[in-house]
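Heads up, the thing below is written out as structure tokens.
Computed over heavy atoms, backbone and side chain alike; hydrogens, waters and symmetry mates excluded.
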Amino acid sequence: MNLNSLLQLKHSLILLLILAGVTATAAPNKTFPSFKVGGYAMVDYDRYGAFYNKGSSESESHFELRRSKLSLDLRPHEDIKAQVQLSYNQQYRSDDQFELARVHVSYMGFPGIKVRLGKMKEPYSLEYQTSSKKLATIERSLMTTAFAPGSNYGVKLYENKQDYTWALGFFQEEKEEGSANKNTEAITSRITYAPLNEEDRVFHVGGSLSLRDLKGQNLTFKERGEVNSAQNVIRSASFDADSLNILQLEAAWASRQWRLQAEAAVARIEQVDGTQWQYSGFYLQGSVLLSGEHYRYKQGKFKGVKPYSSRGSWELVARFSGLDLRDREVGSESSILLLGVNYYASKQFRLMANLLMPSISGNVVNTDQSGNGISIRGQYHF
């Protein structure tokens, strides 16, 4: 079955999931069929200076409904699970957006291998695989937002064990409505291993590889500097590209209330005329829980924080991220130092605040590089 056929299955897949939900009944224990409903909402406030504007030295501030999602998880049979996820966003620099974020079915009846079909996250990066509602920072790092491939339709073979995971998927990106571009096709894989994996201590290593056939589409990397309502002030060259290959490596260590994690990635692009381009990025992040909780890890990623006390829990986080989009003396190099504090009022509700101190060199869109960024988030999930 080719990727075009897989893409055409999406409407049938949605109908299958709806039918599965109709036949399922809610159950508190592991009985089948069963289903559960969950969701979350994130409201952000951003304030930033000239660095984040293309042509103005004035400070700006904006509110956004950054994300809101509703998920339906279905389990019609012990070997079958499925998810439908709807999202609605009101972001400052985008039109209001309502979309089908994910819709997929997984079969787990084969020995040593599972199969997933539908629209899903491609298997890439520790930070990208971690749900946005469980991140220690408001936005993901420069490197991750620049290179992460997103959620696309395809088929994935995978296995998730406590100490190791692997995944290999074949995907197709949907082209934008009205676009004359052909659909990008990709092969993306990720593997992780945790040689130390205890209740309150873990050491994790992993890596991802994505091979993408761009079919001559125009490619430009554009970033907002880890402030979602800002403008795209960090940019690469713009050109028509045949292929994009991304190699990513990751490592993480956690011991009781302390956690360190780091990732690096290299992106190599071949232009339609054969010209080669190379970009790269990295981040190093550290965090600490001040109330005695420990970081929980499961199957290749970290889970959310559960406060021990009814008074909640506090977390401090720092991150230094860099993104090099400059090659052949075109594009920019940028870095951001982030300092943050999180208050987990309960398992469901938290407040977050990030201070971002950016720098840039090479090609810039605003000669006034002054001003930092501040982001504040209120988040609720159920």
Side-chain angles (χ1 to χ4, degrees), residues 1-36 38 71-85 100-126 128-131 149-173 185-195 197 202 204-213 248 250 297-303:
M1 181 180 291
N2 59 35
L3 287 174
N4 287 327
S5 299
L6 291 175
L7 189 59
Q8 293 169 2
L9 283 174
K10 66 179 181 179
H11 297 299
S12 300
L13 183 60
I14 296 169
L15 178 60
L16 174 63
L17 295 181
I18 293 172
L19 292 174
V22 170
T23 60
T25 58
N29 301 315
K30 288 189 176 181
T31 58
F32 308 99
S34 66
F35 72 88
K36 65 178 181 179
S71 296
L72 176 63
D73 294 289
L74 313 169
R75 197 74 182 265
H77 185 272
E78 180 180 5
D79 293 331
I80 300 173
K81 66 179 180 180
Q83 182 182 78
V84 177
Q85 188 176 83
L100 185 65
R102 295 184 205 169
V103 52
H104 53 73
V105 174
S106 300
Y107 180 72
M108 300 167 289
F110 299 124
I113 190 172
K114 301 178 179 67
V115 182
R116 178 170 294 175
L117 175 67
K119 185 178 183 180
M120 70 199 85
K121 277 187 175 183
E122 295 191 26
Y124 175 88
S125 168
L126 172 62
Y128 181 63
Q129 290 301 310
T130 303
S131 170
S151 294
N152 293 302
Y153 284 95
V155 59
K156 181 176 75 172
L157 309 177
Y158 69 102
E159 183 63 281
N160 293 331
K161 295 295 185 181
Q162 186 59 24
D163 295 337
Y164 71 89
T165 72
W166 65 265
L168 173 65
F170 303 86
F171 300 93
Q172 187 173 62
E173 293 184 18
E185 296 181 350
I187 300 174
T188 304
S189 62
R190 179 175 183 247
I191 186 170
T192 73
Y193 176 56
N197 190 358
V202 65
H204 159 109
V205 293
S208 309
L209 178 65
S210 184
L211 309 177
R212 314 187 73 79
D213 181 3
Q248 173 267 347
E250 63 194 49
Y297 172 89
K298 185 177 180 181
Q299 297 178 343
K301 55 188 176 182
F302 287 97
K303 304 184 71 177

Within-4.5 Å side-chain heavy-atom neighbours: H204 and F302:
no
Side-chain contact test, heavy atoms from C-beta onward, threshold under 4.5 Å: evaluate it for P33 versus F35 and give yes or no.
no
With side chain to side chain contact (heavy atoms under 4.5 Å, CB included) as the criterion, how do Y193 and T165 come out once you've worked through the C-alpha distance, each side chain's angles and the decisive distance to 0.1 Å?
CA-CA 7 Å; Y193 176 56; T165 72; over 6 Å; no
Output all residues satisfying side chain to side chain donor-acceptor pair (under 3.5 Å) with S71, sequence neighbours left out; order by chain, then residue number.
Q85
Can you name the closest pair of heavy atoms from T130 and K301 and give their distance?
OG1-CB, 4.2 Å
Atom NZ of K303 and atom NZ of K298: how far apart are they, to the nearest 0.5 Å?
4.5 Å
Would L72 and L74 count as a side chain to side chain contact (heavy atoms under 4.5 Å, CB included) if you check the C-alpha gap in whole Å, the side-chain angles of each, and the deciding distance to 0.1 Å?
CA-CA 6 Å; L72 176 63; L74 313 169; 3.5 Å; yes
As an exercise, state the distance from NZ of K161 to OG1 of T192, rounded to the nearest 0.5 Å.
13.0 Å
Partner of N152 by side chain to side chain donor-acceptor pair (under 3.5 Å), out of E185, Q172, K121, E122:
E122
What one should report as the nearest heavy-atom pair of I187 and F170 is CG1-CD2, 3.7 Å
What residue among Q83, K81, K36 forms side chain to side chain donor-acceptor pair (under 3.5 Å) with D73?
Q83
Closest heavy-atom pair and its distance - P123, S208
O-OG, 4.0 Å
By salt bridge (Lys or Arg N to Asp or Glu O under 4.0 Å), which residues pair with R190, not counting sequence neighbours?
E250
Given I113 and W166, is the side chain to side chain contact (heavy atoms under 4.5 Å, CB included) satisfied, shown in steps?
CA-CA 10 Å; I113 190 172; W166 65 265; 3.9 Å; yes
Check for a donor-acceptor pair, side chain of Y164 on one end and backbone N or O of I191 on the other, with a separation under 3.5 Å.
no
Looking at residues at least two apart in the chain, or sitting in another chain, which of them share a side chain to side chain contact (heavy atoms under 4.5 Å, CB included) with S189?
L168, L209
Could you pull out all residues at least two apart from E159 that satisfy salt bridge (Lys or Arg N to Asp or Glu O under 4.0 Å)?
K114
Partner set under side chain to side chain donor-acceptor pair (under 3.5 Å) for S106, not counting sequence neighbours:
R116, Y158
Residues which pass side chain to side chain donor-acceptor pair (under 3.5 Å) with D79, listed by chain and number, not counting sequence neighbours
none
Can you find a pair of side-chain heavy atoms, one from L117 and one from Y153, that are under 4.5 Å apart?
no
Checking S210 now: which residues fulfil side chain to side chain donor-acceptor pair (under 3.5 Å) with it, not counting sequence neighbours?
T188, R212
The side chain to side chain contact (heavy atoms under 4.5 Å, CB included) partners of I80 (sequence neighbours excluded) come to P76, H77, V105, Y107
Residues which pass side chain to side chain contact (heavy atoms under 4.5 Å, CB included) with N197, listed by chain and number, not counting sequence neighbours:
Q162, D163, A194, V202, Y297
Which heavy atom in A167 sits nearest to a heavy atom in K156, and how many Å separate them?
CB-CD, 4.0 Å
